[in-house]
Structures are given as C-alpha cells and as structure tokens.
Amino acid sequence: MAASASGTSFVPQDDALVLERLRRGPVDQATREIRQLRRQRELNPQDDRMAALLARRLISKSRETSDPRYLGQAESVLAPWWDTTNAPVGILVLRATIRQSTHHFAPALADLDSALAIDPNNAQAWLTRATILQVVGDYTGARRACEPLQRLTSELISVTALSSVQSLTGEAEGAYQSLTNLLQRSPQASADQRIWAVTLLAEIAVRLGRTSEADDFFKQAFALGERDPYLLGAYADFLLDKNQPRTVIELLKDETRADSLLLRLALAEKAANDPKAGEHIAILKARFEASAQRGDKVHQREEARFHLHLLGEKSRALALALENFAVQREPADLRILLESALAVGDTAAKAKVTQFIHTHRLQDVQLDRLLRNGGEI
Amino acid sequence: MKQSCPLQRRPFGLVLFLVLALCIAALSAHAHKPSDSYLTLEIGSTNLTGRWDIALRDLEDAIGLDANDDGDITWGELRAKHSALAAYAQSRLAITVNDQPASFRLDRHEVDNHSDGSYAVLRFTCAIPATTTKLNVRYNALFDRDPQHRGLLRLNVAGTTRTAIFSPDKPRQEFALLESGGGNSLAAFVKDGVWHIWIGFDHILFLMALLLPGVLQWNKGRWVPVATVREALVNVLKIVTAFTLAHSITLSLAALKVVSLPSRLVEASIAASVIFAALNNVWPVLHRRVWMIAFAFGLIHGFGFANVLGDLDLHGRVLALGLFGFNLGVELGQMAIVLVFIPIAFALRRSWGYRSLTVKFGSLLVSAIAGVWMFERLLNFKVLPF
C-alpha cells in the first residue's frame, strides 16, 4: 500500500467491487444538509450566512470522519472572503477555525481579533481564542479570553473553558472539584457540552494521577456520544500508560484511517508483540512520507512519537519534537519533547520542558515520573 | 440537536458548534493528510507517458461517482464516469513542450490502493518532438473545491527524477530539459568543452605561457634551444599532462559539489596563475619542474571550468555524462592548440626573435594583461574587452 504513485495499479474485473466506502449506510442528516446548502449556495455564492452555515457543517463533517478534506472544502466555500480583512464576523471566526487547524495560529488569532473588534460579545470568538492561546502555551492570554464567557455563555461552558486553563497553571485540584460539582448540578446540559466537560475531567484526572476516576470519565464520555477520534486517542494514551495494550488493540483495531489512531494502535501492537505491528508501522511510514512530500508539518507530534517509540530513531524524534514545540505546547507536546530529550541525553531540550513546567506550575504525573526516572518507563 | 441560526443572536443555540470549535484545536493532530493527487511524467525518446492518481473521494466531490448514492463507490460506477473523468483531466492539466501545447490521449483507466484510500489511475501518452528543451505543466485540478489540495509531480527524464508541488499559489511549473538521447548529449558536452577552452583566453594564455619555453631550456641565465625533438616533446607532454590531470580532478570535485569555492576568488586566482607562469619565463624561479606549476595551478583552473557545468544544473546520470563529455572536450581542445603550437615553436626555437621577443617580451605582455584581469575580477569591473 504505497502512498506514492509507484504502487501497482490494476484493472478490476468485477463491476460490483467496492473501491471506496464513503460512509456506512444511507445518507445521514448531516450529508443531506450539506447537499442542500451546496445547492442553495450555487444560486447565491455571495450569501455570507449561507456560506457560514455550509462551512460549519463541513467543519463538523471533517471532525466526524477524521478527514481534513472537508476543511479544505470549507475553505473553498469561504473563498469570496478568504483574503479580505473586511469579512463578516461569522466568516472571520470560521476562517480562524480553519486556519488554526493547519497550525496557522497567528493569522487565526488575528482573525479573531478582527471579529472581536466588530462584535466584542461574540462568544465563539472568545472561546476559539482561548483554545488557541492554550494550545500555544499562552495561559495568561487564554485565561483572559475566558473571562467574557461568564456573561456570554452557559455556566457549564465558561467553567469548562476556565478549568482547562486552570488545570495547566497549578490549580488542577480546584478546577477538577468545581467542574465535577457543576457537572452533577447540570443534568439539563446538552450532550455535547457534557462530552466536552467529561473529556476534560478525564484529562485532568489523568494528569493528577487519579486513574480510576479518569477511567470512569472516559467511559462516561463514550457513553454520551459517538466514537470521537480525539476521545479515542486520549483514552488510548491513557490505556497505554496503564500497560493495557490489548485493550487498546481491541478499541482501535478498525481505526486505521486516522493517522493518530493508527499510531496508537501500532504502539499497542508493539507493546503486546502483536504481529500486525510491522504492517501498521509500514503504513504509518508511508503516510508520514506522503505528508512530507506535500510539505505538511502539522503532524510533528505524532511523527516524533512514531520515530521515538516505533522506529527507535531518537535524534530524528528530538528534532521533530523541538520543531513541534516551537509551534504548540500542550502537555502531549511537552511529553514527547521530554521523552526524546531524555532518550538522546539532550540537557538543553530537557531544560526547556522543566522550565515550562516550573513557570506555569503545570501538574502532570506522567511528566513528573519521566523527570524522576530519567526516561525509564 | 443541530440548530441553524445566525451566529450572533442565540449564543446558547450555538453550543454544538462551540463545543466542536474547541475540539477542533486538536483536530489537526488527528486527521490524516489532506487531499493529494500524484502525477508522474516520463519523457522518453519519442513520447511522454503520464500516470495520474486521483483519490476517489476527491472525484466524488468534483464530478460525482456514487450514482446510486449508497455510500460505496464501485468499479462499475467509476467505469460509467470514465468519459467525464477524462474530460475533467483534460480540462485541468495542460502540458506544453518547447512552448507548443501537447495534447494527450488517455490510454487506460485503472485503480490503485494508496495508504489513505483508493485512487483512480489515468494513464496517458503525449506526442513530443525529438528534441525537447522545455516542459511546462499547468495543473488546477480540485483547487476550486479544496484549496488545500496539492498536486505532487514526479518528472522522470534522462535517468533523473525531479519533483514539484502544484498548489493554488503555484499552478504552473516549468522545467528546462536537455536534448534527449544519450548520443546527442555526449556530443553536445564535448563540443561545449572544446568551445570553453578555445574561448577561455585565460586558460590558453596560461598554457601558452608554460609551453613557450617548452622548446627551450634555461642555461646560465639565458634561454637556449633544446637539441632534440624528443626533449621538447617530453617537456611539453609533462606540462600538458600535469595541467590536464589537475584540472580534471578539480572540475570533477566541483561539479559533484564535493568542493565548492567562491567563483570570484577562483577567477582572480586563475589570472594570478597566468601572471606567475608568464613572469616565470622572464625570471625563471621554477624552470626544471614546470610541470609542478602546471599541476598546482591546473587545480585552480579546474574550478573555473566547473562554473560552466554548474550553470547547467545537472543531476544524476546526466551530470556524470556531462562531466565526462565536457572534460573530454577540454582535453581535445587543448590538444588541438598544443599540436598547432609546438611544431611552430620547435621550428623557431633557435631564432633570437623567438627567444627574446616572443618568450620574454610576450610573457611580459601576457603578465600585464593578466594583471588587469586580476584587478577586474577582484574588484568586479571590466576594463578589457576580452
């Protein structure tokens, strides 16, 4: 299964042979809406409301299918407003969302600033801004972006957003407690709000070392919604750290489309000495090479993990982890940087991590353990 | 759960999207790669063959493939769309050879499984002229549907592979090609080598400066003619061989990018070498081992030749061919000059005119010219017309 065009092509003999599965089952509501919106938009390509709606649907579809193709299509839908500074607020926020997905964080923040200048009460803009600032490690900025949410959105949303930042700046226990309590008091909250809060609680619990509570929260999140790729990845990492590779294999054995999930599956297979590991490692290698061929650098965190834990290429992993760290600084980014720095013995890179942890009073038992053991897991 | 309402008016109704917005932060880390198509072009001696792999998911969006809308794309459904696919391909890919548009004919439709899904494989051929010097490819498939789509091009020509990426910002790529067909190329390189030594006045003057006294020998402060042809030939042979060997070595090293010297320094040093060789004829410092001067400075002259090859930007097999051919050309050109010069010099070696005027005065003149060259090259301006 080569990613480049040097693979062997063939002429199928059977008209009924299924070449590609676009979706399982008949057309769902989301796809129907997208089609309808596309038809309407063709009649009126300059209608920004219609374009914004369609773009939002496409972005959702992208997340559900783990296929960034839809993000590109959303960008195409917003083409009339893509390069202007003078776009409607809704379009600016969507533009920011799409831009940050390709790690163009600075332009995304600029778009959000423009949006907020027009409409300072735009909750979505504040929320997206808080998210991006958290990803790049600007916790002060993220905190400030959370403040307006208190009066603009529901309590659950604003507290979840704030708890996220608090959990990374030395207030993990307090944030954990207050969000748990609030969640219990909010049975009327929508499923998606609940999934978000529960997922965050699972992540904070992992960082605090409360493994059984984390497990409970993960299971709750799965019960509330579909098999979200982000959730699957986070749970898989949790299980891998608990030395339960077989559970991961069971969980992810059909998830070979998304690179990030295939990575976790391969990691589990390697840990469990499963014979499929080799095949999956080869596929991942091809996929990363294909990404490199097109000049993409959005998967460096995964690529670093791949090189360190699956190929044993420590120096390459460290180089990737450092490049990644220059762009984003979530705990997962810190972790792979620390792991590769310890593997190579690079004290300067390690110091970057310890300094970050110290400056922000970041609480993460996995990072602490790595620092204590010097890399032995 | 999904609500479609204007963004500003009902914040709580946007909950679904708000939550998604947050998860999107991590989205990029999850998804596999965005849309790519793979285009391979192979330039042969009589035609151009192409292979274009386009993802079925992309084609579904661009031209529609799932006719019965059951979520599966079958071979039958793809086959039914072959003419639409061909039309799409023809409209989104334009190949121009030597500034003439080249129409391509679709030969076969196939399928291939890539690591991220199934792709339709289009195989096509394009008639091209016997000698192709320029290739231009314009690509704009799918950009109107997905600006993050990229066309990944591999161009195979004369044993080398070049790659390029088509994007909405860069829908055109141009490639300079050499004449196809190995025989022609070698001849072209040899011609190039001969030409470059004949127009290389500095190289010629250096060689001449060394060869002028080749038919003489320094005896008690004067140039005296050598007695036999054999002596003269041995002298000349030693000098020419040393020069040739030296510049072949550095030409190769530089062309293969093993050693790289700044060209201004090289050119100025070549001029300096001419000065030295010429002045050495008037005040011989090294008169018994002239071949050493030939070798030492020959090394620098080699770098000078390499600049010419460097401008052609060759790779792989063509580079090896070019190196060999060019070097051969230089030697042949050199030999031609020597074969003309030596008989004349030998015949004239006894005359006072040769020994004093040509050798001494001529050498002084040459060193003066070379002196001006050196200043020109160091300070980067031109005084002399040659």
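Computed over heavy atoms, backbone and side chain alike; hydrogens, waters and symmetry mates excluded.
Across B:Ser167, B:Pro147, B:Ser37, the residue that shares the most heavy-atom pairs under 4.5 angstrom with chain A is B:Pro147. With respect to chain B, the highest number of heavy-atom pairs below 4.5 Å among A:Val27, A:Leu22, A:Leu263 belongs to A:Leu22. Counting heavy-atom pairs under 4.5 Å between each of A:Gln13, A:Arg21, A:Gln134 and chain B puts A:Arg21 at the top.
Looking at A:Arg129, there are no atoms closer than 4.5 Å to chain B (heavy atoms on both sides), in backbone or side chain. Contacts between A:Asp14 and chain B at a heavy-atom distance below 4.5 Å involve the backbone alone (N, CA, C, O). Interface residue B:Arg123: only side-chain heavy atoms are found under 4.5 Å from chain A. B:Val111 touches chain A through backbone and side chain together, each having a heavy atom under 4.5 Å away.
The shortest side-chain heavy-atom distance between B:Gln148 and A:Ile98 falls under the 4.5 Å cut-off. Proximity of A:Glu75 to B:Asp146: side-chain heavy atoms (C-beta onward) are nowhere separated by under 4.5 Å. Contact check for B:Arg51 versus A:Ser9: side-chain heavy atoms found under the 4.5 Å cut-off.
Taking OG of B:Ser35 as the start and CG of A:Leu71 as the end, the distance is 12.5 Å to the nearest 0.5 Å. Distance check: B:Arg57 CZ to A:Arg69 CZ gives 6.5 Å after rounding to the nearest 0.5 Å. Rounding to the nearest 0.5 Å gives a distance of 8.5 Å between CG of A:Asp259 and CG of B:Asp116.
A distance-only check finds a donor-acceptor pair linking the side chain of A:Glu20 to the backbone of B:Ser118 [under 3.5 Å].
Listed by chain and residue number, nothing satisfies the side chain to side chain donor-acceptor pair (under 3.5 Å) test with B:Glu60 (two or more places apart in sequence, or in another chain). Take A:Arg294 and apply the side-chain contact (heavy atoms from CB on, under 4.5 Å) test, not counting sequence neighbours, and it matches A:Asp296, B:Pro34, B:Asp36, B:Arg150, B:Leu152. Under the ring pair (Phe, Tyr, Trp, His ring centres under 6.0 Å) criterion, B:Phe166 pairs with B:Tyr139, not counting sequence neighbours.
Within residues 66-93 of chain B, the residues having any heavy atom closer than 4.5 Å to a heavy atom of chain A are B:Asp66, B:Asp69, B:Asp70, B:Gly71, B:Asp72, B:Ile73, B:Thr74, B:Trp75, B:Gly76, B:Leu78, B:Arg79, listed by residue number.
Annotation for A:Leu19 and B:Leu56: closest pair CB-CD1, 3.5 Å, computed over non-hydrogen atoms. Of all non-hydrogen atoms in A:Gln293 and B:Tyr38, the two that sit nearest each other are OE1-CE2, 3.9 Å.
The number of heavy-atom neighbours closer than 6.0 Å to NE2 of A:His104, taken from other residues, nucleotides and ligands shown, is 12 or below. B:Arg172 CZ: 12 or fewer foreign heavy atoms inside a 6.0 Å radius.
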- Test A:Arg38 against B:Asp61 for side-chain contact (heavy atoms from CB on, under 4.5 Å), laying out the working first. CA-CA 11 Å; A:Arg38 276 203 194 278; B:Asp61 187 54; 3.9 Å; yes
